[in-house]
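Below is one structure, written out as structure tokens; comments come after it.
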Amino acid sequence: MGLDAPAAEVTITPDEVRRMTLRAQGFLGATSRRGGVAAMLRRVGAVQLDTISVLARSHELVAYARLGAVSRSQIEQAYWHAAKPAAFEYWAHAACVLPIEQWPYFAFRRRALRARGIRWHRSHAETCDKVLARLRAEGPLTATQLGGAKAGGPWWDWSDVKIAVEWLLDTGDVICARRTGWRRVYDLPERVLPGELLNAEPSDPECIAYLAGVATRALGVVTQADLVEYHRLNHLTSEKFQHTRLVADAAQAAGLTPVAIAGPDPARPPAAGWADPVALAQASAAPRGRNRVTLLSPFDSLIWDRKRTRQMFGFEHSLEAYVPKHKRVHGYFTMPLLAGGRLAGRVDPAREGKTLIARKVSLDRASAAEPMAQALREAATWVGCDDVRLEQVEPAAYAPRLAAALART
């Protein structure tokens, strides 16, 4: 997609990009905690789901990183069990929890999938009809209640019922606005959504304009690549999204401000992009607010775009959970340390009874020992551990300082 935005009058420095993003994501300033989990979800626009649970599941870690020691039951309540449905699951950056008001604006993806006719498995119309009939007659059901999710083979060997209900989810004929015991609960949209959301059918350009605004408010400032990646607008869409000016037009329609984004190399020309007008106004003021010190889920929206993470923080981030153990560099579920508005290290945690085990800690500098100790102790307390045990620390010369800092917390 070519970028054909108006000429930018404002140039954003790398430090301003970083601060704008931290504030937008809820890691800088006291106001970021207002409104609790529900407000946090609206702020970031999408919270990625994943099955891995080490300290907690990723969607819980995302809330904890921003809000502090909010209880895990409170997080689950806000996502899945609010008095009125406040969120739903769908395909955005990946499988994500999304604010309920975003439902109409994924119509572009639902239409594209329906036109394609398949995503992963070929569904059968007869099975889809049976699933819908049962949901109408019996109310919300899990895949197990519908007849079982597995066909007997590996995890991706879905039963016909699971294939059918996931296809109906893809196309919007069913919705998931609740989980129970990590199982999706499928329901009919008309039983979940208020009329104004259920009956809205925005055009593809309207959908992309809305999501462009969501992504830019969530990041503060974006290049075109950032904007597309946040909801992966070039995935599960019709082919035309990759070859037209739709994204640039969407940015203009969303009321975003064209800016030039300077990179870390002053010899290279700034990149064209857009800023959230509110974030841009805040960026021109003197920096205010306290930075969070916390461990991040590897699926956190602050860092899920590896290229942006590298450019903004000079930090190489990757998930090694699916890498053979002997080939891992940092560990199974490595959690970056955010401290002072920088990524200053990482840890591969585990739990053993009431002990949080830091299997491998990597620190970028000696002064990161104190914030790492603070982050480890706070995370341990949050998940009900009363002790922290260090195993491997790199560089090894930093181990005594980290152990001493941990003893003081």
Side-chain angles (χ1 to χ4, degrees), residues 25-27 32-33 36-41 44 47-81 87 95-97 179-183 291-304 317 319-322 328 330-339 343-363 368-393 402-403 405-409:
Q25 282 279 308
F27 290 108
S32 62
R33 298 193 186 191
V37 179
M40 180 279 301
L41 177 59
V44 300
V47 171
Q48 186 172 340
L49 293 160
D50 194 80
T51 58
I52 297 173
S53 181
V54 177
L55 297 184
R57 293 197 189 274
S58 183
H59 65 285
E60 298 170 307
L61 292 168
V62 168
Y64 163 75
R66 290 157 176 81
L67 304 177
V70 58
S71 72
R72 296 172 66 184
S73 62
Q74 187 177 342
I75 296 170
E76 293 294 308
Q77 182 73 24
Y79 286 146
W80 309 126
H81 304 291
C96 288
V97 187
R179 277 189 179 243
T180 179
W182 195 242
R183 293 185 298 274
N291 283 289
R292 283 279 292 151
V293 174
T294 190
L295 298 176
L296 298 173
S297 163
F299 302 107
D300 195 291
S301 53
L302 179 68
I303 56 171
W304 66 21
H317 164 64
L319 177 70
E320 297 180 310
Y322 305 109
R328 291 174 192 155
H330 296 291
Y332 173 77
F333 192 79
T334 307
M335 300 182 68
L337 168 69
L338 180 66
L343 297 181
R346 63 193 98 206
V347 60
D348 180 32
R351 292 177 65 181
E352 187 177 282
K354 290 282 191 174
T355 300
L356 187 157
I357 304 169
R359 293 189 290 197
K360 185 173 182 179
V361 176
S362 303
L363 300 175
E370 286 75 17
M372 176 62 83
Q374 176 186 336
L376 286 170
R377 184 67 68 186
E378 289 182 358
T381 301
W382 178 60
V383 297
C385 291
D386 51 24
D387 192 21
V388 177
R389 186 171 81 233
L390 299 175
E391 290 191 343
Q392 182 181 357
V393 179
L402 176 58
L406 196 56
R408 293 192 298 269
T409 59

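Numbers here are sequence positions counted from 1.
- R359 places no side-chain N or O within donor-acceptor distance of the main-chain N or O of A350, the cut-off being under 3.5 Å.
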- Given the rule in the side-chain contact (heavy atoms from CB on, under 4.5 Å) test, do F333 and L319 qualify, once you have shown the distances and angles that lead to the verdict? CA-CA 7 Å; F333 192 79; L319 177 70; 4.3 Å; yes
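- Between T409 and L376, the closest side-chain pair of non-hydrogen atoms is not below 4.5 Å.
- In this structure, CD on E60 lies 5.0 Å from CD on E76, to the nearest 0.5 angstrom.
- A salt bridge is absent between D386 and K354; no separation between the charged side-chain nitrogens and carboxylate oxygens falls under 4.0 Å.
- Note that the OG atom of S71 and the CD atom of Q77 stand 9.5 Å from one another [nearest 0.5 Å].
- Minimum interatomic distance between L302 and R66 (heavy atoms only, all atoms of both residues): N-NH2, 4.2 Å.
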- Message: Applying side-chain contact (heavy atoms from CB on, under 4.5 Å) to L55 and L356, what does each step give before you reach the verdict?
- Response: CA-CA 8 Å; L55 297 184; L356 187 157; 3.8 Å; yes
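- Between A405 and A369 the shortest heavy-atom distance is CB-O, 4.1 Å.
- Between L337 and A368 the shortest heavy-atom distance is CD2-O, 4.0 Å.
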- Quick one: do E391 and I357 satisfy side-chain contact (heavy atoms from CB on, under 4.5 Å)? Show the steps, please. CA-CA 7 Å; E391 290 191 343; I357 304 169; 3.4 Å; yes
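- Without hydrogens or angle criteria, R57 side chain to L49 main chain gives no donor-acceptor distance under 3.5 Å.
- Side-chain contact between L338 and L343 is present, with at least one heavy-atom pair separated by less than 4.5 Å.
- To the nearest 0.5 Å, atoms OG (S297) and CD1 (I52) are separated by 9.0 Å.
- Rounding to the nearest 0.5 angstrom, the gap separating the CG atom in L296 from the CZ atom in F27 is 5.0 Å.
- Distance alone, capped at 3.5 Å, is enough to place a donor-acceptor pair between the H317 side chain and the P298 backbone.
- A donor and an acceptor atom, one from each side chain of S301 and Q25, are located under 3.5 Å apart.
- A pairwise comparison of heavy atoms in H59 and Y79 identifies O-OH, 2.9 Å as the closest pair.
- Contact check for L41 versus V62: no side-chain heavy atoms found under the 4.5 Å cut-off.
- Counting all heavy atoms, side chain and backbone alike, A65 lies closest to R292 at O-NE, 2.8 Å.
- Side chain of R346 to backbone of T334: no donor-acceptor contact under 3.5 angstrom is found.
- Taken from NE2 in H81 to OG in S73, the straight-line distance is 10.5 Å, to the nearest 0.5 Å.
- In this structure a side-chain-to-backbone donor-acceptor pair under 3.5 Å is missing from Y64 to A56.
- G331 and E320 make their closest contact through N-OE1, 2.8 Å (heavy atoms, listed as atom of the first residue, atom of the second, distance).
- Listed for the D348 side chain is a donor-acceptor partner under 3.5 Å among the backbone atoms of Y332.
- Residue W304 holds its CH2 atom at 4.5 Å from SG of C96, rounded to the nearest 0.5 Å.
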- Task: Could you go through the side-chain contact (heavy atoms from CB on, under 4.5 Å) check for R389 and E352 one step at a time?
- Result: CA-CA 10 Å; R389 186 171 81 233; E352 187 177 282; 3.7 Å; yes
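- Within the 4.5 Å cutoff, the side chain of L61 has heavy atoms near those of the W382 side chain.
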